[in-house]
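Notes for the one structure printed next.
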There are 2 protein chains.
Amino acid sequence: MSTATALEHPIRKDIRIEGVLQALADPVRLRIVRAIADHGEIACGVLDLPVSKSTLTHHYRVLRESGVIHQRPVGTSKVNSLRREDLDALFPGLLDGVLAAPRD
Amino acid sequence: MSTATALEHPIRKDIRIEGVLQALADPVRLRIVRAIADHGEIACGVLDLPVSKSTLTHHYRVLRESGVIHQRPVGTSKVNSLRREDLDALFPGLLDGVLAAPRD
DNA sequence: TCCATTGTACGAGCCCGGTCGAAAATCGGC
DNA sequence: GCCGATTTTCGACCGGGCTCGTACAATGGA
């Protein structure tokens, strides 16, 4: 049953530039964002990143709570997508600029 | 005399998105960047921010070494400007997106 | 029902970075 | 040369965040 707990996402007006920049400033999270941008949507586990699962949960939470990504549960997994519309409306050009950066 | 020491700035191709995002992610540094964007150029000391001089020096160095600002000495002071051309060329839209954000 | 898969919660360790004060350096003016 | 103004350097403190392992929860299939 579970009362659903409903994955907290900030509404658009509560997304703050400081939080978004801080979320994007971590190398692991930046890789996650790039992967989502490339594939449209991805599950949490599909990327092989050099961190443990619990650390990964931490990073996805930072991205979600800062307003960068949206997470929706699908079966036992979670599907992540970028909040492009919200980010583009609030900080036009920011996301595209970040994604345009060379990826060594 | 002093052999000049010449304030190290990264050349364009060495500016990395990770460094830029990390530099912009700090509230004090974001205020500095906004102030420079508003006034074109400012000296280090003209802003009254809630931190000490030595902390301010630290923040200006982070901004300079990440490639966000350019510093040139003028008398006993230093004048700071945004590296707009470089940032716009590398990450088109990023700076404008950041500056477009509401400033609570 | 049992189990594998996926992700979360919790507690802990640890390093990085923001912060400061005091002392030194740089520069211009007198 | 001397002084004041501006900024830097240095050492230190400390809190936060990235990290992990273990244990737990939730879901869906066999």
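Owing to the predicted nature of the structure, the values given are computational and were not obtained by experimental measurement. Letters A, B, ... are given to chains in the order of the sequence lines, protein chains preceding strands, and every chain is numbered from 1.
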Measuring from the side chain of [X] (C-beta onward, heavy atoms only), which nucleotide among [options] has the closest atom?
X	options	answer
A/T55	C/dC20, D/dC18, D/dC20	D/dC20
A/V62	D/dC18, C/dG21, C/dG18	D/dC18
B/T76	C/dA9, C/dC27, C/dC20	C/dC27
B/D26	D/dT19, C/dT8, C/dG18	C/dG18
B/R61	D/dT9, C/dT19, D/dT7	D/dT9

B/R16 atom CZ: more than 12 heavy-atom contacts under 6.0 Å: no
Using a heavy-atom cut-off of under 4.0 Å over every strand shown, decide if [X] touches base, sugar-phosphate, or nothing.
X	result
B/Q22	sugar-phosphate
A/S77	sugar-phosphate
A/H58	base

Between [N] ([atom2]) and [X] ([atom1]): distance, integer Å:
X	N	atom1	atom2	value
B/R31	C/dG18	CZ	C1'	15 Å
A/Q71	D/dA26	CD	P	17 Å
B/L49	D/dT7	CG	P	12 Å
A/I32	D/dC18	CD1	P	11 Å
A/E65	D/dC18	CD	P	12 Å
B/L56	D/dT7	CG	C1'	10 Å

A/G75 vs A/S52, nearer the 5' end of DNA chain D by closest nucleotide: A/S52
A/S54 vs A/V74, nearer the 5' end of DNA chain D by closest nucleotide: A/S54
Salt bridge (charged side-chain N to carboxylate O under 4.0 Å, His left out) between A/R103 and B/E18, intermediate numbers included: CA-CA 10 Å; A/R103 316 186 180 184; B/E18 293 87 348; over 6 Å; no
Salt bridge present between B/D48 and B/R31 (N-O < 4.0 angstrom): no
Distance-only donor-acceptor test, A/K53 side-chain atoms vs C/dG7 base atoms, 3.5 Å: yes
B/H59 side-chain N/O to C/dT19 phosphate OP1/OP2 under 4.0 Å: yes
Shortest non-hydrogen contact between A/A89 and A/R12, atoms and distance: CB-NH1, 3.3 Å
Closest non-hydrogen atom pair between B/S66 and B/G19, with its separation: CB-O, 3.6 Å
